[in-house]
Amino acid sequence: MDNILEVKNLKKYFDTPGGKLHAVDDVSFTIERGKTLGVVGESGCGKSTMGRVIVHLLDATDGKIFFEGKDITRVSKGELKKLRRDIQMIFQDPYSSIDPRMTVRDLIGEPLKTHKLFSSKQEYEDKVSHLMETVGLAERVGYQYPHELDGGRRQRIGIARALALEPKFIVCDEPVSALDVSIQAQILNLLMDLQDSRQLTYIFVTHDLSVVKHISDDILVMYLGQMVEKCASKELFENHKHPYTKALLSAIPIPMVDIERKHEILKGEITSPINPKPGCRFAPRCPLANDRCHSENPELREIAPQHFVACHNI
Amino acid sequence: MSETILEIKNLTIHYVVDKETVEAVNNVNLQINKGETLGLVGETGAGKTTLAKGIMGIIPNPPGKILNGEIIFEGENLLKKNKKEMQAIRGEKISMIFQDPMTALNPVMTVGDQIAEVIRLHEHVSPKEATDKAKEMLEMVGIPGQRASEYPHQFSGGMKQRVVIAIALACRPELLIADEPTTALDVTIQMQVLDLMNNLKKQLGTSMVLITHDFGVVAEMCEKVAIMYAGEVVEYGTARDIFNHGCHPYTRGLFESLPSLNEDQPRLKPIVGLMPDPTQLPVGCNFAPRCPYCTDACKERKSDMVNLTETHQVKCDYAVRKFREETDNG
C-alpha cells in the first residue's frame, strides 16, 4: 500500500484561561495515495483544527505526521515552503479566505509568484489562464474582483489557488458548506474530476454526511477531539458500530416522504473540551453508557479488518 | 376542508436601490390551513426571507416596497393595517423565528426578561406573572426554569435557538414563521429542535411557515411545500406531490443535485449556471437560461400557474405536458 500521509497519536491542545483545551486528542490514521478521507463530526469536535495541524497552519502539541514516509511534524521555514508545494488547503468560507482587493487573475497567480514557478510573463499568464479553465472560471471574470462574484465562483478561485502549485495532497475544510445545493454539486463534481485527472489525495472535513458519503473512500468520525470510529465509507453507512455514529446518522433528515424512520434523539449537547474528565467523552450523552464508560477511556480497537471503533460496549 | 389561516394573493415586493429595482418577490400566491406547516424551499436569493418579512410587515421601507397583492390573515388584509395594529398582531398572533440564534437575542438582557418582555407587551399581566410565565415557556422548550436569570452567552447554540422559539411561542401565536431555524445548528441538535417544534405544533395547534433549503427538513416537518425560484413560486403542492411527483425542471434539478445517502451515484447532476440577477430578470421564464427543456416560447413568455391536481400546481408548460402524459399512461 502506498500511504501518502500517516498521522500518529496527533495531539493539539490550546491554552485557555480555563485550562487546557483538548482540540485534537490522540488521533492516528493513514491515507492511501489518490483516496479521500472524510472527517465528520459536529462543531467543536476538532476536525478543522486537525486539518490545520496537518497543513502546518498550527503546530502539533504532540504526535507525528509523516508525508511520503518523511517526518514533517517539525519543519524549518525553508522546508515548510517546500512542503506547501505538496500540501495545500481549500478553505470553508470563500467570502473571507481571499483578498477582496485583488483581481481573480492576481489571486490565482499569487502562489505562482510566491514560489517563482514561471520563467516569463507569458508563461505566467498562460499558467493562470490554464488554471482558470481547469476550475471552470470564464476568461472574462479574470479582471473582476471577488465581491463581483457569487459564492460558487469564489470557491473556484480558492480551488485554483490550491491547485496552482500542483500539490499531491489537499485538505478541504468544509469547501461546500457555504454554497447552495445546485452549486455544491458543481463544486463536488469538480473536486472529484480533479482527483481523477491529477491523482490527488484529499482530506475532506465536513459536517454533512451525505456529502461525505458521496466523496469519501474512508470516513473518520470524531467526537470532542477523539476518533470514535473509522472505516470504509460503505461500511460506515451499512455497518456502523459506535453509538455516536448511530445517533449522527439517524439525525440526518432524509429528503423522502412516506418512509418510516425512528430518530434516535440524543439528549444534551457536546460537553466542554477544556480539561476533559477521564472516561469516554461521549458517555454523558450515550444511551449505552455504564460505570466503566464514565471512568475509563476506551481504546480504539480494530473490530473487523480496517474497521476501528473506540467503545467499551462493542 | 380545513380552515384557511393565511392567504397570500398576487404579492409583489420590490427593493428600489439607486436606480435599480430588485424584483425580490413576484406575484406569489399561497395558502396555509390551520395547523398545517408550509415549507418554503429555494436557494439563496430566491425571495424566501423577503416573503416572510412581507407577512410580518417588517420590510424596511425604503428600499422595500410592497407593490401589489393582499396578505389575508384570519379574514383580514394585513397590508391595510396601520403600524399600531400590526404591532398588536406581531408577536401575539404571528411571530417569527430568525435564522441565527446568536444574533437574534439581546446579549445584555437575561433570557427570562426577553421572554417576559413579549408577554408583558401583549398580555396585561404583572411583572411577576410574566416572569413566571417566562419560566414555564423555558421548561416547555426543555430548559430548566432557574436558568431564566442567565444571559445568552451562557447558553450553547441549540439552547439559544430554544430560547428564540420560547419567545416566539410565548403568546401562543396562530402562525409561526420560522426562517431557517436549524441551519446554524449541528445535526443532532437540529433533530432535537425539529422534534421540539413538531411537538409544540401538535400541542398548541400552531400553523407554520418553514423556510429552508434542506429537503430533509421539509420531509420531516411539512404537509405542503412551495418551491421558490427568483422571486416566484414555481411549484406548489403537498409534500407527497413535490417529493414523489415534483415536475418543474427546477424542482427536479434540486433533487438531482443532492448527494444521496441511500444509493451510489458516480457523479452528481448539478443545475448548470446561476440564478438570474434579480435586477435584470429575463422576459420569459426565469429558469429558462438554466433549463434543459427550454424552448423558444419559454424565452419569450412566462408560463402560467396550472393546476395539475386539486393540490398540485406548477408554473411550466413542459412540466404540465409531461405530467399529463405520465398520468394518461397510468
Side-chain angles (χ1 to χ4, degrees), chain A residues 40-45 136 149-153 176-190 192-193 196 206-215 223 233-234 237 244 247-259 261 263-272 285, chain B residues 41-46 142 155-159 182 184-192 194-196 212-223 225 238-244 250 253-262 264-275 277 290:
Chain A
V40 288
E42 295 177 276
S43 15
C45 76
L149 304 175
D150 60 280
R153 289 217 183 89
V176 295
S177 350
L179 308 175
D180 277 317
V181 283
S182 73
I183 311 298
Q184 166 180 309
Q186 294 173 6
I187 299 292
L188 288 175
N189 278 345
L190 171 66
M192 290 176 83
D193 290 343
D196 282 345
T206 179
H207 65 273
D208 187 331
L209 286 140
S210 47
V211 167
V212 88
K213 173 173 188 266
H214 182 71
I215 200 163
Y223 189 80
S233 171
K234 211 172 156 146
F237 282 88
Y244 178 63
L248 200 59
L249 289 176
S250 96
I252 317 171
I254 290 186
M256 271 196 244
V257 287
D258 299 331
I259 45 167
R261 276 183 89 213
H263 295 296
E264 202 172 305
I265 295 174
L266 278 182
K267 290 202 184 67
E269 307 187 16
I270 208 159
T271 44
S272 164
R285 298 174 79 188
Chain B
V41 186
E43 296 178 279
T44 320
F155 292 82
S156 67
M159 286 180 121
T182 57
L185 308 175
D186 280 314
V187 278
T188 60
I189 310 298
Q190 163 170 292
M191 196 41 76
Q192 292 175 356
L194 293 181
D195 189 54
L196 170 76
T212 179
H213 60 266
D214 186 335
F215 273 120
V217 173
V218 174
E220 210 66 57
M221 303 284 290
C222 302
E223 283 91 22
V225 184
T238 62
R240 198 167 285 127
D241 288 332
I242 302 292
F243 281 80
N244 298 347
Y250 178 64
L254 277 183
F255 275 106
E256 281 168 9
S257 343
L258 294 175
S260 161
L261 275 176
N262 301 318
D264 291 323
Q265 316 139 284
R267 273 181 80 81
L268 298 171
K269 288 188 215 139
I271 304 172
V272 289
L274 301 167
M275 180 132 43
D277 181 346
R290 303 174 75 184

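What you are looking at is a predicted structure, and each value in this text was computed from that prediction instead of being measured. Each chain gets a letter, A, B and so on, in the order its sequence line appears, and its residues count up from 1.
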How far apart are the closest heavy atoms of [X] and [Y], and which atoms are they?
X	Y	value
B:Ala219	A:Ile254	CB-O, 3.3 Å
A:His214	B:Pro259	CB-CB, 3.9 Å
B:Pro270	A:Asn189	CD-ND2, 3.3 Å

If I measure from the heavy atoms of chain B, does [X] come under 4.5 Å with its side chain, its backbone, both, or neither?
X	value
A:Met256	both
A:Leu188	side chain
A:Asp150	side chain

Please classify the contact between B:Val218 and chain A as side chain, backbone, both or neither, with a heavy-atom cut-off of under 4.5 Å.
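Answer is neither: B:Val218 stays 4.5 Å or more from chain A.
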B:Leu258 versus chain A, heavy atoms under 4.5 Å apart: side chain, backbone, both or neither?
side chain
With rounding to the nearest 0.5 angstrom, report the CG to CD1 distance, B:Leu274 to A:Ile183.
5.0 Å
Between the CG atom in B:Leu268 and the CD1 atom in A:Ile215, the distance rounded to the nearest 0.5 Å is 9.0 Å
Choice from B:Met221, B:Met159, B:Met275, B:His213 maximising heavy atom contacts with chain A below 4.5 Å
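Winner by heavy-atom pair count: B:Met159.
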Who among B:Ile189, B:Asp214, B:Thr188 has the most heavy-atom pairs with chain A under 4.5 Å?
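Highest number of pairs under 4.5 Å: B:Thr188.
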I'd like to check the ring-ring contact (aromatic ring centres under 6.0 Å, His included) partners of B:Phe243; sequence neighbours left out, ordered by chain and number.
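Scan of B:Phe243 (ring-ring contact (aromatic ring centres under 6.0 Å, His included), adjacent residues dropped) gives B:Phe215, B:Phe255.
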Donor-acceptor contact present, side-chain B:Asp186 to main-chain A:Glu42, <3.5 Å
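Between the backbone of A:Glu42 and the side chain of B:Asp186 there is no qualifying donor-acceptor contact (under 3.5 Å).
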Any residue meeting salt bridge (charged side-chain N to carboxylate O under 4.0 Å, His left out) with A:Asp193, in chain and number order, not counting sequence neighbours:
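Salt bridge (charged side-chain N to carboxylate O under 4.0 Å, His left out) list for A:Asp193, sorted by chain: B:Arg267.
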Answer yes if the side chains of A:Gln184 and B:Ser257 hold a donor-acceptor pair under 3.5 Å, and no otherwise.
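No, no side-chain donor-acceptor contact under 3.5 Å.
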Should the heavy atoms of other residues, nucleotides or ligands under 6.0 Å from CZ of A:Arg285 be counted, would the total exceed 12?
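Yes, because the 6.0 Å sphere around CZ of A:Arg285 holds more than 12 heavy atoms from other groups.
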Among B:Glu43, B:Glu256, B:Lys269, exactly one meets side-chain hydrogen bond (donor to acceptor under 3.5 Å, both in side chains) together with A:Ser182. Which residue is that?
B:Glu43
Determine whether B:Met191 and A:Ser250 make a side-chain contact, defined as any pair of heavy atoms from C-beta on separated by less than 4.5 Å.
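Not touching, per the 4.5 Å side-chain cut-off.
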